[in-house]
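Taking it in order: structure first as structure tokens, then the write-up.
Convention: sequence-line order gives letters A, B, ...; per-chain numbering from 1. In what follows, every heavy atom counts, from backbone to side chain, and hydrogens, waters and symmetry copies are set aside.
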Amino acid sequence: GAGVSQSPRYKVAKRGQDVALRCDPISGHVSLFWYQQALGQGPEFLTYFQNEAQLDKSGLPSDRFFAERPEGSVSTLKIQRTQQEDSAVYLCASSSRAQRRNEKLFFGSGTQLSVL
Amino acid sequence: QKEVEQDPGPLSVPEGAIVSLNCTYSNSAFQYFMWYRQYSRKGPELLMYTYSSGNKEDGRFTAQVDKSSKYISLFIRDSQPSDSATYLCAMSAAYSGAGSYQLTFGKGTKLSVIP
């Protein structure tokens with residue numbers, strides 16, 4: 001389909017493991033965002049890319065979280081040494097232009113991460 | 001106190017009812033206001049977008065923003081079972097630089113429309 005695709009759909013990790021979550025944005029979309037959504041909460045901003053440049057990473061909760069988008073398309077969110085508090089749905093969103101306030105974001109269905 | 005407050009519900013209404021959802025916020029810099037709908041196990045989908053104060057109507061949906069009261073609302077007329085979902089308010093500020101790209105979401109209100 002033509003939407004934002006995220007994989008895996010579900011990920012179970014043991015505490016201390018590293019995980020990598022993948023996002024395929026809509027083809028040609030310039031802007032890409034990662035959000036974290038805990039159970040019963042709204043999404044919380046993690047980071048923003050404009051093409052391959054990471055313009056804002058102010059929402060990453062610790063240095064265990066790292067995101068990249070090396071060729072300005074696919075993005076990977078990596079979490080090192082996972083902790084139980086990292087359990088959440090990780091949402092990726094993209095938009096067609098450099099971010100303006102009224103840009104429509106298209107969200108993927110997310111990766112549900114469970115850390116045991 | 002969080003920047004955006006939203007009653008999580010759940011809210012249950014009969015089919016055909018008018019639904020009123022709302023959020024309050026504390027950050028005076030918020031200028032852009034959105035409502036997203038999120039079905040179970042899906043990502044949020046933009047429903048309505050409003051800049052600054054005023055009303056906006058789109059079909060059965062009406063969004064209202066009252067900046068003086070820091071209060072926004074979404075009304076759904078003639079509600080349908082297919083409207084059953086979680087409704088998230090979201091806001092962003094007008095300043096530039098780090099932090100300006102992000103949306104700040106409410107907790108979401110879970111709505112069930114009973115046939």
Side-chain angles (χ1 to χ4, degrees), chain A residues 1 3-7 9-10 21 23-26 30-51 53-61 67 88-112, chain B residues 2-10 21 23-25 27 29-52 54 56 58 63 65 72 85-110:
Chain A
V4 177
S5 177
Q6 293 188 247
S7 60
R9 189 71 181 87
Y10 302 94
L21 312 179
C23 173
D24 279 89
I26 294 172
V30 168
S31 292
L32 186 145
F33 298 78
W34 284 97
Y35 281 81
Q36 179 191 59
Q37 187 172 24
L39 187 64
Q41 303 295 317
E44 293 200 357
F45 172 81
L46 294 177
T47 188
Y48 166 63
F49 289 87
Q50 183 177 311
N51 296 307
Q54 190 175 22
L55 297 188
D56 189 347
K57 54 181 181 179
S58 62
L60 295 176
V89 175
Y90 290 85
L91 294 165
C92 177
S94 68
S95 68
S96 58
R97 299 188 295 176
Q99 185 60 11
R100 304 281 190 271
R101 313 299 177 236
N102 59 347
E103 281 300 324
K104 180 176 181 177
L105 296 188
F106 294 84
F107 281 86
S109 294
T111 294
Q112 184 169 329
Chain B
K2 299 198 88 171
E3 278 191 301
V4 179
E5 298 282 354
Q6 184 177 10
D7 186 339
L21 305 167
C23 290
T24 58
Y25 64 95
N27 187 345
F30 287 146
Q31 297 275 359
Y32 302 87
F33 304 92
M34 286 138 275
W35 286 94
Y36 281 82
R37 177 175 62 195
Q38 187 173 26
Y39 291 114
S40 182
R41 296 185 180 85
K42 296 291 186 184
E45 171 194 16
L46 181 65
L47 270 181
M48 299 287 286
Y49 162 82
T50 311
Y51 169 67
S52 194
K56 185 172 184 177
D58 184 2
V65 175
I72 71 170
T86 296
Y87 290 79
L88 297 152
C89 62
M91 310 177 188
S92 66
Y95 53 77
S96 301
S100 64
Y101 302 103
Q102 60 185 272
L103 294 179
T104 301
F105 284 87
K107 216 180 250 199
T109 300
K110 186 169 184 178

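Heavy atoms closer than 4.5 Å to chain B are found nowhere in A/F106, neither backbone nor side chain. Using a 4.5 Å cut-off between heavy atoms, B/E45 makes no contact with chain A at all. Proximity to chain A (any heavy atom under 4.5 Å) is shown, for B/Y39, by neither the backbone nor the side chain. If you measure heavy-atom distances from A/Q6 to chain B, you find no contacts under 4.5 Å at all. Within the 4.5 angstrom heavy-atom criterion, atoms from both the backbone and the side chain of B/P44 approach chain A.
Partners of A/Q112 under the side-chain hydrogen bond (donor to acceptor under 3.5 Å, both in side chains) rule, at least two apart in sequence or in another chain, do not exist in this structure.
Side-chain contact between B/Q38 and A/Q37 is present, with at least one heavy-atom pair separated by less than 4.5 Å. Looking at A/L46 and A/P61, their side chains come closer than 4.5 Å, going by heavy atoms from C-beta outward.
Put simply, the side chain of A/E44 never gets that close to the backbone of A/A38: no donor and acceptor are under 3.5 Å apart.
Between atom SG of residue B/C89 and atom CE of residue B/M48 there is a gap of 14.0 Å, rounded to the nearest 0.5 Å.
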